[in-house]
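The structure appears below as structure tokens.
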Amino acid sequence: MSGGHPVIPGFHPDPSVCRVGDDYYLACSSFEYVPGVPLFHSRDLVHWTQIGNVLDRPEQLSLSDDAASSGGIYAPTLRHHDGRFWLIVTNVNGGGNLLVTATDPAGPWSDPLPLPGVPGIDPDLAWDDDGTCWCTVAGISQVRIDPYTGETSGPPRRLWSGTPGAKAPEAPHLYRVGDYWYLLIAEGGTERGHGVSVARGRTPNGPFEPCPANPVLSHRSTDDPVQNTGHADLVQAPDGSWWLVLLGVRPGGGTPGWHVLGRETFLAPVTWEDGWPVVGALTAAGPGPLVPFHDDFDDAALAHCWISPRRRSPLHCTTKERPGSLTLHALGDSLDAPDVVFAGYRQQHPSCRVRARVDPAHGCGGLAVRLDEQHHYEIEGDADEVRVLARIGPLRTVVASRPVADGPLVLGVDVIATKELRGARSGPDTLAFGVEESDGTFTALASLDGRYLSTEVAGGFTGRVIGLYAADGTAHFDWFHYEPLAH
Ligand code: 6LW
């Protein structure tokens with residue numbers, strides 16, 4: 001049992017990595033959230049720091065209310081070539097494939113270059129020795145592209161369909177290693193059957209011969225605590241060693257196992273045998289001690305890690321209106337609404353404690369655990385009452401409520417992962433929502449089963465986001481505190 005630990009925990013799927021000198025950069029999918037495509041930096045592939053978001057302007061990414069959760073921005077590819085960074089990605093709710101470039105990976109990134117000749121999803125960029133740029137997409141097909149103009153030459157050609165009988169050949173990445181071009185793909189679907197396969201050829205256009213050992217990585221049908229491993233990208237370290245970043249999930253509870261943190265980024269070593277990559281066990285090294293995240297909202301802008309569904313207008317979400325607070329002015333009247341004003345932080349640990357101080361004097365503000373509009377739990381307060389609400393599919397209910405005195409409230413949720421399975425039907429965790437009393441003690445008002453906020457129940461491609469919202473009028477949040485708990 002490998003017991004790998006994510007190097008970028010929480011909802012950070014479809015990782016794409018490149019190296020410039022001793023510096024690694026990595027980008028992930030972001031779906032309906034803005035800003036889009038989180039961008040990370042590392043010097044060792046294990047410890048990563050978010051340095052920005054690639055699509056951080058409405059001119060780069062604007063999603064309307066009808067962009068579904070798990071729609072929006074699918075898998076990116078990040079490369080460095082000709083002195084600049086290139087990122088190609090798909091907006092499934094707005095124009096399809098697009099290309100942005102930057103000289104500084106922390107940004108600013110360019111306005112998007114539309115790529116009408118690039119079909120489908122999961123676009124990859126690779127340059128031949130003569131500077132020709134090839135774009136390879138799920139399926140697996142390929143088209144020649146001018147990355148400066150976005151123009152393509154000729155129709156896409158099918159390259160390889162992966163292992164006969166395996167579904168969903170996707171996430172292609174093309175590399176020149178020695179005398180061969182290697183085509184790395186994901187196949188089997190991004191669920192429990194997920195895997196990574198590879199083929200090689202003498203040119204970037206093939207023909208490609210599949211690796212006899214395919215899939216070179218899969219945890220399907222194993223008891224590994226990390227499942228759904230796939231969607232990988234290959235990188236060589238300065239010392240000549242090779243590594244793979246990939247996505248995986250950590251299901252909890254009994255059968256079928258529920259994952260609540262989304263698809264996370266993992267790392268594995270790669271060696272070469274007979275001209276084929278051999279993938280080792282997932283790296284167990286994690287980002288180290290359980291470090292809390294605290295935000296007093298003292299800065300003029302929100303930190304890179306804060307994300308919002310579809311839009312974030314400075315008119316409705318700002319730290320400038322009341323210095324030292326995050327002020328949210330409501331649009332949608334609940335988390336069921338696609339235009340709810342919400343700012344969230346990805347849950348990154350199976351167990352965690354979250355607290356937030358809200359002044360609901362002019363409206364109603366809350367602390368929520370969100371998967372999508374149909375799957376969320378929250379505690380909210382106004383001048384008179386604090387309420388715990390649950391939305392599970394078609395069902396929505398007030399689970400508990402309590403009168404409160406006027407004035408600021410400290411709202412909280414304790415997420416506790418299931419340690420002892422009580423039969424096959426145990427859920428992955430429980431979420432206890434409550435308020436912190438004036439003496440600092442926490443009074444839980446309701447404890448809810450976390451399976452209903454899992455991907456296996458809700459579906460989709462994202463993971464839990466724990467955040468702040470306004471359901472009516474204006475809510476001012478003085479601080480937000482996320483405390484990982486030992487699991
Ligand atoms: C992505 C595809 C996949 O486009 O899921 O796991 C899709 N891989 O490659 C959304 O993440």
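Start at 1 and go down the list; that is how both ligands and their atoms are numbered. By convention here, the first residue in the shown sequence is residue 1.
Heavy-atom proximity to Asp122, at under 4.0 Å, picks out these atoms of ligand 1: 1 (C), 2 (C), 4 (O), 9 (O). For ligand 1, the atoms closer than 4.0 angstrom to any heavy atom of Asp14 are 1 (C), 3 (C), 6 (O), 8 (N), 10 (C), 11 (O). Ligand 1 places these atoms under 4.0 Å from at least one heavy atom of Ile121: 4 (O). For ligand 1, the atoms lying closer than 4.0 Å to a non-hydrogen atom of Arg263 are 3 (C), 5 (O), 6 (O), 8 (N), 10 (C), 11 (O). Residue contact check: His194 has heavy atoms under 4.0 Å from atoms 6 (O) of ligand 1. Set against the non-hydrogen atoms of Phe31, the atoms of ligand 1 under 4.0 Å away are 10 (C), 11 (O). Within ligand 1, the atoms closer than 4.0 Å to a non-hydrogen atom of Leu247 are 6 (O), numbered from 1 in the order shown.
From the protein, the heavy atom lying nearest to atom 8 (N) of ligand 1 is His231 ND1, 3.2 Å. Scanning the protein heavy atoms around atom 3 (C) of ligand 1, the nearest turns out to be Glu170 OE2, 3.6 Å. Of the protein's non-hydrogen atoms, the one nearest atom 6 (O) of ligand 1 is Thr190 OG1, 2.7 Å.
Residue-to-ligand polar distances keep Tyr74 apart from ligand 1: every N/O pair is separated by 3.5 Å or more.
The two residues Thr136 and Leu159 make their nearest non-hydrogen contact at CG2-CD1, 4.0 Å. Leu468 and Ala356 get closest at one heavy-atom pair: CD2-CB, 3.6 Å. Between Lys419 and Ser351, the shortest heavy-atom contact is NZ-OG, 4.4 Å.
Judged by distance alone, with hydrogens and angles left aside, the side-chain atoms of Ser218 form a donor-acceptor pair with the main-chain N or O of His194 at under 3.5 Å.
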Side chain to side chain donor-acceptor pair (under 3.5 Å) between Asp372 and Ser69, intermediate numbers included: CA-CA 6 Å; Asp372 58 29; Ser69 281; 5.6 Å; no
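The aromatic rings of Trp272 and Trp242 sit perpendicular to each other, their planes meeting at more than 60°, with 30° as the lower class boundary. Between Phe31 and Phe461, the ring-plane angle classifies as parallel under the 30° and 60° cut-offs.
Here the options are Phe293, Trp306, Tyr345, the test is ring-ring contact (aromatic ring centres under 6.0 Å, His included), and the partner is Tyr482; only Tyr345 passes.
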